[in-house]
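Atoms within each ligand, like the ligands themselves, are counted from 1 in listed order.
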Amino acid sequence: METIIEPFRIRTVERLQMSTEEERMAALERAHFNLFSLHSKEVLIDLLTDSGTGAMSTKQWAALMMGDESYAGSESFFDLEKTVRKLTGYKHVIPVHQGRAAERILFQTLCAEGKRIPNNTHFDTTRANIEFTGAEAIDLPVDGALDPSREAPFKGNMDLDKLDRFLEETPTEEVPFGLLTITNNTTGGQPVSMENIREVARRYHAKGIPFFLDAARFAENAFFIKKREPGYKDRPLDEIALEMFSYADGCLISAKKDGLVNIGGLLVLNDDALAAQAKNLLILTEGFPTYGGLAGRDMAALAQGLREVLDVDYLEYRLASAQYLGRALTFLGVPIVKPCGIHAIYVDARAWLPQIPPKELPGQSLCCELYLRGGIRAVEIGTLMFGGTDPQTGEPTPADLDLVRLTLPRRVYTQSHFDWVIEVFSGIARNREKLKGYRILEEAPFLRAFTAKLAPIP
Ligand code: F0G
């Protein structure tokens, strides 16, 4: 059979609130053309993020009922600890409320002014948590990682020559640890090959530098290795994941992605002394080590999520949905980041709407149009999110790219929802030269995308 079906049936449903274009225009105006300010009820298809937006399985809902809410020594913790140890091979399992809490604890333990932390590409919370300690976050992606049209099987890799140069030029005491993000969210959800993980590890370890994985989407990365890297086709996914983790000394996990839960995170470490320091900080701000920032039931659902995510049928369906959407958009002439990843399709709005200069926010223009025409909420990853402000004119200065991310929640939408998205794009394609730019009316001094007020340029 050629058709890849959703490998589940649906037992609980959540009603979608249908809306008219007039209603959506009123909502957009009220939200000052910032989709973060919409009420979720006003959105028909929410592709803002794949983080914490997935659907849990029957087994996860059942696990929830069995959560042990004891302050100390919760059985749900020990079950989670056993599951994570088996998955990663690491010794110390520290639960936190989400990925950035793990980042804060690890970075505040190891980073300081004058330190430099290399990564293939830092996700924005990772960068912000490093910079908050006074350290510097260094991106070393492969050349062409930011070229949307360049096809490569492992475009998320770290550039090994750049890493060699960085390690040669930087005194080792300035590099308290190195990172690698699997999959590389910032460059389009692109995977990192096993060979690259191994080679990055070899280089860090040759200098005695500890190495941690930012492993929010570890299952999707493992699946790409199985599909694309020679020698892995017949290897079970749990073995591939274990091998990925084996090259590092620990990992940070935002469990809101491949943990298949709505909230949760993990800091997992081998080093006893480092784990002890991390647990002290954990107690200070997250909670006692057998619950971290989570309820017992959250840990129970997470343990179950981690046991079910490395399922070939599930990952095959997830890749098939992304490719279905990606292929259809390509057919419509919509430029997307190639090859398409699993957790999102990224549209190159700057290339598709050439009449809108970057300072007039082409990505935001497309986001507003997608919402207005079809109730679709996507997220701008471009000049609004990452650009600066020209001190002379007060206008936005361009980011590297103006992308729109259509992020795919796990096990939530079916193929007909994607058909809707495709039809909305097809309508926009016919009139795309009429789309106008936006200007910022009000913005916060940092992370402006979340709260900025905008207006269309007439
Ligand atoms: N690392 C990566 C690679 C991420 O994509 C994220 C979150 C985090 C760390 C932080 O985890 O949100 O649990 O604190 N990414 C989300 C996104 C927010 O929409 O891509 P968190």
Engineer: Could you label the plane-to-plane angle of the Y346 and H343 rings as parallel, tilted or perpendicular, counting under 30° as parallel and over 60° as perpendicular?
Structural biologist: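 Ring orientation of Y346 relative to H343: perpendicular.
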Engineer: What protein heavy atom lies closest to atom 7 (C) of ligand 1? Include the residue and the distance to one decimal.
Structural biologist: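 Residue, atom and distance for the closest contact: K257 NZ, 2.6 Å.
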Engineer: Testing the 3.5 Å rule here: is there a donor-acceptor pair between the side chains of D419 and Y324?
Structural biologist: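 Yes.
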Engineer: Name the option, out of T126, N185, L48, that contains the heavy atom nearest to atom 5 (O) of ligand 1.
Structural biologist: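 Going through T126, N185, L48 one by one, N185 has the nearest heavy atom to atom 5 (O) of ligand 1.
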Engineer: Can a side-chain donor-acceptor contact be found between D298 and H97 if the only test is distance below 3.5 angstrom?
Structural biologist: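 Side chains of H97 and D298: no pair found under 3.5 Å.
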Engineer: Give me the residue, atom name and distance of the protein heavy atom closest to atom 14 (O) of ligand 1.
Structural biologist: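 The closest heavy atom on the protein side is R100 NE, 2.7 Å.
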Engineer: Give me the one residue out of L384, D402, I440 that meets side chain to side chain contact (heavy atoms under 4.5 Å, CB included) with Q364.
Structural biologist: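 Option passing the side chain to side chain contact (heavy atoms under 4.5 Å, CB included) with Q364: L384.
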Engineer: May I ask whether R217 places a heavy atom under 4.0 Å from ligand 1?
Structural biologist: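 A heavy atom of R217 does come that close to ligand 1.
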Engineer: Starting from atom 8 (C) of ligand 1, which protein heavy atom do you reach first, and at what distance in Å?
Structural biologist: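 Answer, as residue, atom name and distance: F123 CD2, 3.5 Å.
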Engineer: Which atoms of ligand 1 sit under 4.0 Å from any heavy atom of T125?
Structural biologist: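 Checking each atom against T125, I get 8 (C), 10 (C).
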Engineer: Where's the contact between V379 and ligand 1, heavy-atom distance under 4.0 Å: side chain, backbone, both or neither?
Structural biologist: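 None of V379 does.
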Engineer: Do side-chain atoms of R410 reach the backbone of D50 as a donor and acceptor pair under 3.5 angstrom?
Structural biologist: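 Yes, the answer is positive, given that a donor and an acceptor are paired below the 3.5 Å cut-off.
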Engineer: List the closest protein heavy-atom neighbour of atom 21 (P) of ligand 1: residue, atom name, distance to the nearest 0.1 Å.
Structural biologist: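 Of every protein heavy atom, Q98 NE2, 3.3 Å lies nearest to atom 21 (P) of ligand 1.
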Engineer: Within ligand 1, which atoms have a heavy atom of T49 less than 4.0 Å away?
Structural biologist: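 Counting atoms of ligand 1 from 1, those under 4.0 Å from T49 are 17 (C), 19 (O).
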Engineer: Looking only at protein heavy atoms, which one is nearest to atom 9 (C) of ligand 1, and what is the separation?
Structural biologist: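 Result: E103 OE2, 3.2 Å.
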Engineer: Run the side chain to side chain contact (heavy atoms under 4.5 Å, CB included) check on F77 and F288 step by step: do they pass?
Structural biologist: CA-CA 11 Å; F77 169 74; F288 189 71; over 6 Å; no
Engineer: Would you tell me which option among D214, D50, T186 has the nearest heavy-atom contact to atom 1 (N) of ligand 1?
Structural biologist: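 When every heavy atom of D214, D50, T186 is considered, D214 comes closest to atom 1 (N) of ligand 1.
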Engineer: Within the 4.0 Å heavy-atom shell around R405, which atoms of ligand 1 are there?
Structural biologist: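 This gives 17 (C), 19 (O), 20 (O) as the contact atoms.
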Engineer: Distance only, no hydrogens: is a donor on one side chain within 3.5 Å (strictly under) of an acceptor on the other, for R307 and T83?
Structural biologist: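 There is such a pair (donor and acceptor under 3.5 Å, judged by atom type) between the side chains of R307 and T83.
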Engineer: Going by the atom numbers of ligand 1, which of them fall below 4.0 Å from some non-hydrogen atom of G99?
Structural biologist: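 Near G99, the atoms of ligand 1 are 11 (O), 13 (O), 14 (O), 21 (P).
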Engineer: Compute the ring centroids of F177 and F212, then answer whether they are less than 6.0 Å apart.
Structural biologist: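 Yes.
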Engineer: Only heavy atoms of K256, strictly under 4.0 Å: list the atoms of ligand 1 that pass.
Structural biologist: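 What qualifies from ligand 1 is 13 (O).
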Engineer: Check ligand 1 against T181 and write out every atom of the ligand that is under 4.0 Å from a heavy-atom position of the residue.
Structural biologist: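 It comes down to these atoms of ligand 1: 3 (C).
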Engineer: Name the closest protein heavy atom to atom 13 (O) of ligand 1, giving the residue it belongs to and the distance to 0.1 Å.
Structural biologist: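 Checking every protein heavy atom, the shortest distance to atom 13 (O) of ligand 1 gives S254 OG, 2.6 Å.
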